[in-house]
Enquirer: 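Let me begin by handing over the structure; questions about it come next.
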2 protein chains.
Amino acid sequence: MGKQMTELLKGTLEGIVLALLSGRAAYGYEITAWLREQGFADIAEGTIYALLVRIEQRGLVDVEKVPSEKGPPRKVYSLNARGRADLAEFWTTWGFLAERLERLHHEGR
Amino acid sequence: MGKQMTELLKGTLEGIVLALLSGRAAYGYEITAWLREQGFADIAEGTIYALLVRIEQRGLVDVEKVPSEKGPPRKVYSLNARGRADLAEFWTTWGFLAERLERLHHEGR
DNA sequence: TACCGGTACATAGTAACACTGAATAGCGGG
DNA sequence: CCCGCTATTCAGTGTTACTATGTACCGGTA
């Protein structure tokens, strides 16, 4: 993956995962697979698991262990109230940034 | 500044500065002031100077020392060919990300 | 039985970046 | 003569994503 993408993902990736979880509960392996489908081909599993640990420790998600038919038990994450508040704040921050970049891009300033 | 903004700026700030320099040459103090005008109120001066050192060492900009009437000499940065190539790549990467986030935001997935 | 591939999670170490807080230095005005 | 504005630099810190593994459970197959 490009170095630029790596740096741009810092901060963004968490928002992406929170946004996904706002739609439906999911577990790490599933999230990784979904990201790959979305075109984020090279996001390492370890990255996602580390991110999930972080947002859990910050109290943004609720966790439930669910047995799997095909392997070790899944840790299913779902967004709670604090997570939704954090996501809303993320969209605000992102919107601010995206607006300014869009302007920069098209004005060629 | 919000922690989210701090993280979102990683990678983005460099693109912003490169975009600015693609329009006109500028020096650190001036860039900081311009960013504040654009609404990035709390970007530390030290951050910009460190960024300028980085892009200079990567050979994305040309530097010229210009005496100032009001203080120590200015280091004026201008985008060169490699910088323009890097900026183009940045816009591609940014576009990919922005598109996916826009979709996530409006589909509520 | 023994092995392998797919599922699923975890972690130690590294690199990159923005921030904090301070120091240095030139210049003009009160 | 010091204060404020201009202008740059740097050491130390925290956060994040990546690399590279390791662990573990399961079903199928030779």
Side-chain angles (χ1 to χ4, degrees), chain A residues 1-18 25-36 40-58 60-61 63-77 86 90 93 97, chain B residues 1-18 25-36 40-58 60-61 63-77 86 90 93 97:
Chain A
M1 189 160 38
K3 213 187 75 178
Q4 282 183 336
M5 181 60 95
T6 294
E7 292 308 322
L8 280 182
L9 278 177
K10 290 184 181 177
T12 311
L13 187 56
E14 183 178 309
I16 292 172
V17 171
L18 290 180
Y27 55 98
Y29 194 80
E30 186 185 12
I31 294 173
T32 306
W34 178 81
L35 285 170
R36 294 199 202 286
F40 298 99
D42 302 309
I43 292 185
E45 279 187 68
T47 297
I48 297 303
Y49 287 113
L51 189 158
L52 291 172
V53 166
R54 280 202 302 273
I55 63 178
E56 180 186 355
Q57 283 176 346
R58 274 197 251 141
L60 307 181
V61 287
V63 189
E64 192 188 0
K65 267 218 163 122
V66 177
S68 162
E69 323 82 39
K70 297 191 192 169
R74 299 165 174 167
K75 283 180 75 176
V76 176
Y77 295 83
D86 198 83
F90 169 78
T93 309
L97 212 72
Chain B
M1 190 161 36
K3 215 188 76 183
Q4 282 183 337
M5 181 59 95
T6 293
E7 293 308 321
L8 279 181
L9 279 177
K10 289 186 181 176
T12 311
L13 187 57
E14 183 177 310
I16 292 172
V17 171
L18 291 180
Y27 55 97
Y29 193 82
E30 185 184 12
I31 295 173
T32 306
W34 179 82
L35 285 170
R36 295 200 202 287
F40 298 100
D42 302 309
I43 292 184
E45 281 187 64
T47 298
I48 298 303
Y49 288 111
L51 190 158
L52 291 172
V53 167
R54 281 201 302 275
I55 64 178
E56 180 186 356
Q57 283 177 347
R58 273 196 252 139
L60 306 181
V61 286
V63 188
E64 192 189 358
K65 268 219 165 121
V66 177
S68 163
E69 323 83 37
K70 299 191 193 170
R74 300 164 173 166
K75 284 179 74 178
V76 175
Y77 296 83
D86 199 82
F90 169 79
T93 309
L97 212 70

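Chain A is the first sequence line, chain B the second, and so forth, proteins listed ahead of strands; every chain is numbered from 1.
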Enquirer: Test A/F40 against B/L97 for side-chain contact (heavy atoms from CB on, under 4.5 Å), laying out the working first.
Expert: CA-CA 9 Å; A/F40 298 99; B/L97 212 70; 3.7 Å; yes
Enquirer: Which protein N or O atoms sit under 3.5 Å from an N or O of nucleotides 27-30 of chain C?
Expert:
none

Enquirer: Separation of A/E30 atom CD from C/dC9 atom C1', in whole Å?
Expert: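 A/E30 atom CD is separated from C/dC9 atom C1' by 14 Å.
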Enquirer: Sub-3.5 Å donor-acceptor pair from the side chain of A/T12 to the main-chain atoms of A/L8, do we have one?
Expert: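 Between the backbone of A/L8 and the side chain of A/T12 there is a qualifying donor-acceptor contact (under 3.5 Å).
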Enquirer: Nearest heavy atom decides the nucleotide; on that basis, is B/K10 or B/P73 closer to the 5' end of DNA chain C?
Expert: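 Result: B/K10.
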Enquirer: Can you tell me how far P of C/dC9 sits from CD1 of A/I48, to the nearest Å?
Expert: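 In whole Å, C/dC9 P and A/I48 CD1 are 12 Å from each other.
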Enquirer: Would you say the side chain of B/W34 lies within less than 4.5 Å of the side chain of B/I16, judging by non-hydrogen atoms?
Expert: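 Yes - at least one pair of side-chain heavy atoms lies under 4.5 Å apart.
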Enquirer: Please classify the nucleic acid contact of A/G46 as base, sugar-phosphate, or nothing, using heavy-atom distances under 4.0 Å.
Expert: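 If one applies the 4.0 Å heavy-atom cut-off, A/G46 turns out to touch a base.
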Enquirer: Find the distance B/M5:CE to C/dC17:P and express it as a whole number of Å.
Expert: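 Rounded to the whole Å, the gap is 19 Å.
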Enquirer: To the nearest Å, give me how far apart NZ (A/K3) and P (C/dT14) are.
Expert: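 Going from NZ in A/K3 over to P in C/dT14 covers 19 Å.
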Enquirer: Distance check: side-chain N/O of B/T6 vs OP1/OP2 of C/dA18, anything under 4.0 Å?
Expert: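 Answer no for this pair, as no side-chain N or O of B/T6 is under 4.0 Å from OP1 or OP2.
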Enquirer: Counting distance only, does the side-chain N/O of A/Y27 pair as donor-acceptor with the main-chain N or O of A/E64 below 3.5 Å?
Expert: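 No; zero donor-acceptor contacts below 3.5 Å.
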Enquirer: First locate atom OG1 of A/T47, then atom CG of A/L9, and finally report the distance between them rounded to the nearest 0.5 Å.
Expert: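 If we round to the nearest 0.5 Å, A/T47:OG1 and A/L9:CG are 9.0 Å apart.
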Enquirer: Among C/dC19, C/dA8, C/dC17, which is the nearest nucleotide to the side chain of B/L9?
Expert: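 Nearest to the side-chain atoms of B/L9, counting from C-beta on, is C/dC19.
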Enquirer: Can you tell me how far C1' of C/dA10 sits from CD1 of A/I55, to the nearest Å?
Expert: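 Whole-Å distance recorded here is 16 Å.
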Enquirer: Counting N and O atoms only, with roles assigned by atom type, does the side chain of A/E14 sit under 3.5 Å from a partner on the main chain of A/F90, one being a donor and the other an acceptor?
Expert: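 Here the side-chain-to-backbone pair does not exist.
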Enquirer: One pair to check against side-chain contact (heavy atoms from CB on, under 4.5 Å): A/R54 and A/L60. What are the steps and the verdict?
Expert: CA-CA 9 Å; A/R54 280 202 302 273; A/L60 307 181; over 6 Å; no
Enquirer: Find the distance A/Y49:OH to C/dA12:P and express it as a whole number of Å.
Expert: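 After rounding, the reported distance stands at 17 Å.
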Enquirer: Hey, what do you get for CG (B/L13) to OG1 (B/T6), rounding to the nearest 0.5 Å?
Expert: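 Answer rounded to 0.5 Å: 10.5 Å.
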Enquirer: With sequence neighbours left out, write down each residue that passes salt bridge (Lys or Arg N to Asp or Glu O under 4.0 Å) with B/E56, or none if nothing qualifies.
Expert: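 Counting only residues at least two positions away or on another chain, B/E56 forms a salt bridge (Lys or Arg N to Asp or Glu O under 4.0 Å) with B/K75.
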Enquirer: If I take atom CG from residue B/L35 and atom CD1 from residue B/I48, how far apart are they, to the nearest 0.5 angstrom?
Expert: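 It comes to 5.0 Å.
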Enquirer: Within the 4.0 Å heavy-atom criterion, would you say B/L52 contacts the bases, only the backbone, or no part of the nucleic acid?
Expert: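 Counting heavy atoms under 4.0 Å across all strands, no contact is made by B/L52.
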Enquirer: Please tell me which of B/A50 and A/R54 maps to the more 5' nucleotide of DNA chain D, matching each residue to the nucleotide holding its nearest heavy atom.
Expert: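 Nearest-nucleotide comparison on DNA chain D picks B/A50.
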Enquirer: Using whole Å, report how far CZ of B/F40 lies from P of C/dC19.
Expert: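 These atoms are roughly 11 Å apart.
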Enquirer: Does a side-chain N or O of A/R74 approach OP1 or OP2 of C/dT7 to a distance below 4.0 Å, or not?
Expert: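 No, no such contact exists.
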Enquirer: Expressed in angstrom and rounded to an integer, what is the separation of A/R36 atom CZ from C/dG6 atom P?
Expert: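 The answer, rounded to whole Å, is 14 Å.
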Enquirer: Students should find this one: the first and last nucleotides of DNA chain D, 5' to 3', lying under 4.0 Å from a heavy atom of chain B. What are they?
Expert: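 First and last nucleotides in contact are D/dT6 to D/dT16.
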